[in-house]
*Asks:* 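Got a structure here, written out as structure tokens. Questions coming.
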Amino acid sequence: MISGPELKGERIELRKLTLSDASDIHRNLQDKAIIKWTMHIPWPYKMQDAVKFIRKTHHGIRKKTNFTFGIVYKETSRVIGVIRIGDIDWKNKNAEIGYWLGKKYWGRGLASEAVRLILKFAFEKLKLHKVYAGLFEENIASRKVLEKCGFRLEGTIRECRFRYKKWHNELRFGILESEYKMNTSEYE
Ligand SMILES: CC(C)(COP(=O)(O)OP(=O)(O)OC[C@H]1O[C@@H](n2cnc3c(N)ncnc32)[C@H](O)[C@@H]1OP(=O)(O)O)[C@@H](O)C(=O)NCCC(=O)NCCS
């Protein structure tokens with residue numbers, strides 16, 4: 001694993017998943033509201049899916065193509081969600097992020113905290129030039145998270161996702177290293 005910077009926030013921290021996190025992941029994914037606007041999470045979600053997923057994350061870390069972290073709620077030390085930076089294109093120094101949180105943790109700014117931490121990892125440790133995210137146009141909460149973290153809307157990819165018997169637009173958001181640096185210097 002590429003180590004540091006410290007991926008510790010105020011209320012959460014990000015760390016590599018272990019097989020002992022499978023039950024937390026399984027429990028938090030027992031709600032269709034979480035799966036609704038994601039692309040790769042199976043439904044119904046079984047314990048075996050969580051175990052397979054965790055093993056896959058270790059492979060991605062070894063290959064340096066996909067860094068997946070558990071979002072750990074510091075108060076309880078439990079994994080309450082997952083965030084990843086994947087599809088890393090080392091030549092062009094860009095990568096995609098994706099994330100989810102257990103429903104009872106929504107609306108407290110925790111996903112925004114996790115996205116800020118993964119941006120720190122992406123730009124300060126992996127030294128990427130750009131990070132992007134693709135989401136269903138209907139996913140208002142995720143759009144808000146990205147906007148709060150300094151991403152800009154780059155475009156709409158029309159009707160490229162088929163779900164619930166209809167076509168959906170994908171919104172593409174991105175943030176450059178220079179924008180990240182400008183935002184973080186504003187916080188200091
Ligand atoms: C997207 C997700 C991670 C957001 O998590 P979260 O911790 O609730 O996010 P935050 O609290 O940091 O920010 C969410 C923002 O969206 C707002 N929001 C949520 N639903 C909204 C709605 N229907 N209309 C308007 N605003 C909405 C919240 O009020 C909040 O904004 P605020 O901080 O200005 O009040 C969570 O909803 C989730 O896991 N969804 C399912 C998986 C998913 O969609 N992943 C992303 C795939 S691209």
Side-chain angles (χ1 to χ4, degrees), residues 7-15 17 21 24-45 49-50 53 56-57 60 66-76 78-88 94-122 130-164 166-175 180 183-184 186-187:
L7 296 177
K8 289 185 196 301
E10 214 178 290
R11 293 166 296 164
I12 54 153
E13 58 189 48
L14 308 185
R15 67 153 169 79
L17 291 165
D21 298 317
D24 282 349
I25 291 182
H26 175 251
R27 190 177 49 256
N28 278 300
L29 282 174
Q30 296 310 304
D31 191 323
K32 213 168 178 189
I34 300 170
I35 318 280
K36 191 171 177 198
W37 299 128
T38 60
M39 291 293 284
H40 306 293
I41 306 175
W43 182 265
Y45 195 81
D49 294 319
F53 168 71
K56 208 166 138 199
T57 68
N66 189 336
F67 293 90
T68 302
F69 299 97
I71 302 173
V72 178
Y73 195 43
K74 282 163 84 173
E75 208 173 292
T76 57
R78 313 294 320 195
V79 170
I80 61 167
V82 167
I83 187 160
R84 72 162 207 135
I85 179 149
D87 292 334
I88 301 178
N94 64 59
E96 181 175 28
I97 61 164
Y99 42 82
W100 63 262
L101 268 187
K103 193 162 179 211
K104 72 178 191 184
Y105 302 98
W106 291 7
R108 308 186 202 174
L110 296 173
S112 306
E113 208 175 310
V115 169
R116 288 196 183 99
L117 289 172
I118 210 156
L119 288 180
K120 190 174 166 73
F121 179 71
K130 179 171 187 172
V131 173
Y132 61 91
L135 53 142
F136 282 88
E137 192 169 38
E138 296 88 340
N139 195 344
I140 295 166
S142 186
R143 179 182 180 141
K144 280 263 210 154
V145 167
L146 295 168
E147 286 170 344
K148 283 195 287 181
C149 294
F151 283 72
R152 293 195 195 173
L153 179 62
E154 296 188 331
T156 302
I157 299 141
R158 295 179 307 142
E159 302 200 359
C160 65
R161 294 182 177 197
F162 191 75
R163 184 63 77 87
Y164 311 116
K166 64 177 224 179
W167 291 100
H168 301 265
N169 293 342
E170 176 184 319
L171 298 184
R172 177 78 176 248
F173 278 80
I175 182 168
Y180 164 78
N183 293 345
T184 45
E186 274 169 22
Y187 304 142

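Counting starts at 1 for both ligands and their atoms, following the listed order. Everything quoted here is computed from the prediction, not taken from an experiment.
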*Asks:* Just to confirm my output: which protein heavy-atom neighbour is closest to atom 15 (C) of ligand 1, and how far is it?
*Replies:*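 In this structure, atom 15 (C) of ligand 1 has Lys144 CB, 3.6 Å as its nearest protein heavy atom.
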
*Asks:* Which heavy atom of the protein is the closest neighbour of atom 24 (N) of ligand 1, given with residue, atom name and distance?
*Replies:*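 The closest one turns out to be Ile140 CG2, 3.5 Å.
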
*Asks:* Does any N or O atom in Thr38 lie less than 3.5 angstrom from one in ligand 1, N or O only?
*Replies:*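 Checking ligand 1 against Thr38, no N or O pair falls under 3.5 Å apart.
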
*Asks:* Pairs in or reaching into residues 134-144: which pass salt bridge (charged side-chain N to carboxylate O under 4.0 Å, His left out), with residues at least two apart or in two chains?
*Replies:* Arg143-Glu147

*Asks:* Give the atom numbers and elements of ligand 1 that come within less than 4.0 Å of a heavy atom of Leu110.
*Replies:*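 Result: 7 (O), 12 (O).
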
*Asks:* Can you list the atoms of ligand 1 that are under 4.0 Å from a heavy atom of Trp100?
*Replies:*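 This gives 39 (O), 42 (C) as the contact atoms.
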
*Asks:* Is the shortest distance from a heavy atom of Gly109 to ligand 1 less than 4.0 Å?
*Replies:*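 Gly109 counts as a contact of ligand 1 under the 4.0 Å cut-off.
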
*Asks:* Output the list of atoms in ligand 1 that are nearer than 4.0 Å to some heavy atom of Gly107, sorted by atom number.
*Replies:* 6 (P), 7 (O), 8 (O), 11 (O)

*Asks:* Nearest protein heavy-atom contact for atom 19 (C) of ligand 1: which residue, which atom, what distance?
*Replies:* Ala141 CB, 3.5 Å

*Asks:* Applying side-chain contact (heavy atoms from CB on, under 4.5 Å), can you list everything that pairs with Glu13, at least two apart in sequence or on another chain?
*Replies:*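 Partners of Glu13 under the side-chain contact (heavy atoms from CB on, under 4.5 Å) test: Lys8, Val72, Lys74.
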
*Asks:* Non-hydrogen atoms of Lys148 versus ligand 1: any pair closer than 4.0 Å?
*Replies:*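 Yes; Lys148 lies near enough to ligand 1 that a heavy-atom distance drops under 4.0 Å.
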
*Asks:* Is it the side chain (CB and beyond), the backbone, both or neither of Tyr99 that lies under 4.0 Å from ligand 1, heavy atoms counted?
*Replies:*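 The answer is both, backbone and side chain.
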
*Asks:* Which of the numbered atoms in ligand 1 are below 4.0 angstrom from a heavy atom of Arg108?
*Replies:*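 Ligand 1 atoms under the 4.0 Å threshold to Arg108: 11 (O).
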
*Asks:* What residue and atom, counting heavy atoms only, is the protein's closest point to atom 40 (N) of ligand 1, and at what distance?
*Replies:*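 For atom 40 (N) of ligand 1, the nearest protein heavy atom is Trp106 CZ2, 3.4 Å.
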
*Asks:* Relative to the heavy atoms of Leu135, which atoms of ligand 1 are at a distance of less than 4.0 Å?
*Replies:* 48 (S)

*Asks:* Find all atoms of ligand 1 within a distance of less than 4.0 Å from any non-hydrogen atom belonging to Ser112, and give their numbers and elements.
*Replies:*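 Contacts of ligand 1 toward Ser112, numbered from 1: 10 (P), 12 (O), 13 (O).
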
*Asks:* Counting non-hydrogen protein atoms only, what is the nearest one to atom 42 (C) of ligand 1? Give residue, atom name and distance.
*Replies:* Ile34 O, 3.4 Å

*Asks:* Would you mind listing which atoms of ligand 1 come within a distance below 4.0 Å of any non-hydrogen atom of Val145?
*Replies:*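 Every atom of ligand 1 under 4.0 Å from some heavy atom of Val145: 4 (C), 9 (O), 10 (P), 12 (O), 13 (O), 14 (C).
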
